[in-house]
Undergrad: 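Quick one: the structure is below, questions incoming.
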Amino acid sequence: MAKNRKRQYWLFKSEPSAYSIDDLVSDKTTYWDGVRNYQVRNMLRDDIQVGDRVLFYHSNAKPMAIVGTAKVVKPGYPDHTAFDPNDKHYDRKSDPDNPTWFMVDVSIIQKFDSPVTRDDLKADTVASGMAVMRKGSRLSIVPVTEEEWQAIHQLTGTKDPR
DNA sequence: GCCAACGTTGGC
DNA sequence: GCCAACGTTGGC
């Protein structure tokens, strides 16, 4: 990792039925497996670095919302679930000697006392412009600006522990 | 449940 | 290489 690289911010989507903020609270740290989209793969492999911050977003949920924050503790490395025929995300074309898919490790920072719902996001001048709010946004990881990161903390009345 | 917005697959 | 068919994501 390059020295003095500025911390970057991301939003990770997860369906809570698959993996929720409560799962991360109890696990403390997890590997973010199962990404099978090349654009998102490139972010995991090339762009997301240790120390980067993550907004944890519940998709396909009631309510759909940003539910907490996490930090990246391990940079991109091969997603081993792609090699496991019994895994839901098995990909027979991913070669262990030249892996197709990557993941990172993230650790919980905090679960928000009250989630920031899509309606909350829509109502906020800054947050309404987030990439996740764009119509047809289907990438499971999208970049977040520092301004957006701060706006979310303002909405929750929480601090970003530095 | 519906459907828009993609990404992937496979025939040609 | 083109493109129609199909599958998936995910908000509404």
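Convention: sequence-line order gives letters A, B, ...; per-chain numbering from 1. The figures here come from the full heavy-atom set of this structure, side chains too, leaving out hydrogens, waters and symmetry mates.
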Undergrad: In whole Å, what is the span from the CZ atom of A/Phe12 to the C1' atom of C/dT9?
TA: 18 Å
Undergrad: Show me the side-chain donor-acceptor pairs of residues 20-29 of chain A shorter than 3.5 Å, one per line, residues at least two apart or across chains.
TA:
unit_1: A/Ser20; atom_1: OG; unit_2: A/Asp22; atom_2: N; d: 3.2
unit_1: A/Ser20; atom_1: OG; unit_2: A/Asp23; atom_2: N; d: 3.3
unit_1: A/Ser20; atom_1: OG; unit_2: A/Asp23; atom_2: OD2; d: 3.4
unit_1: A/Asp22; atom_1: OD1; unit_2: A/Lys111; atom_2: NZ; d: 2.8
unit_1: A/Asp23; atom_1: OD2; unit_2: A/Ser20; atom_2: N; d: 2.9
unit_1: A/Ser26; atom_1: OG; unit_2: A/Asp22; atom_2: O; d: 3.3
unit_1: A/Ser26; atom_1: OG; unit_2: A/Asp23; atom_2: O; d: 3.1
unit_1: A/Asp27; atom_1: OD2; unit_2: A/Tyr19; atom_2: OH; d: 2.6
unit_1: A/Thr29; atom_1: OG1; unit_2: A/Ser107; atom_2: OG; d: 2.6

Undergrad: Going by ring-ring contact (aromatic ring centres under 6.0 Å, His included), name the residues that satisfy it together with A/Tyr90, two or more places apart in sequence or in a different chain.
TA: none
Undergrad: Test question: given the 4.5 Å side-chain rule for I, L, V, M, F, W and Y, name all other residues clustered with A/Val73, or answer none.
TA: none
Undergrad: Throw together a table of side-chain donor-acceptor distances under 3.5 angstrom for residues 122-138 of chain A, partners on residues two or more places apart or in other chains.
TA:
unit_1: A/Asp124; atom_1: OD2; unit_2: A/Val126; atom_2: N; d: 3.0
unit_1: A/Asp124; atom_1: OD2; unit_2: A/Ala127; atom_2: N; d: 2.8
unit_1: A/Ser128; atom_1: OG; unit_2: A/Asp124; atom_2: O; d: 2.7
unit_1: A/Ser128; atom_1: OG; unit_2: A/Thr125; atom_2: O; d: 3.0

Undergrad: Without decimals, in angstroms, what is the distance between A/Lys62 NZ and C/dG10 P?
TA: 17 Å
Undergrad: If I take atom CE in residue A/Met133 and atom P in nucleotide C/dG10, what distance separates them, rounded to the nearest angstrom?
TA: 14 Å
Undergrad: Tell me: CD of A/Glu15 to P of C/dT8, nearest whole Å?
TA: 12 Å
Undergrad: Which letter, B, S or -, goes with each nucleotide of nucleotides 2-7 of chain B from 5' to 3', with contact meaning a protein heavy atom under 4.0 Å?
TA: --SBBS
Undergrad: With sequence neighbours excluded, what pairs up with A/Arg36 under the salt bridge (Lys or Arg N to Asp or Glu O under 4.0 Å) test?
TA: A/Asp79
Undergrad: Check whether any side-chain nitrogen or oxygen of A/Tyr57 sits under 4.0 Å from OP1 or OP2 of C/dT9, and answer yes or no.
TA: no
Undergrad: Quick one: label A/Lys122 by what it contacts on the DNA or RNA (base, sugar-phosphate, nothing), any heavy atom closer than 4.0 Å.
TA: sugar-phosphate
Undergrad: Nearest whole angstrom, please: distance from the P of C/dG11 to the CG of A/Leu11.
TA: 10 Å
Undergrad: Between A/Val104 and A/Pro75, which heavy-atom pair has the shortest distance, and what is it?
TA: CG1-C, 3.9 Å
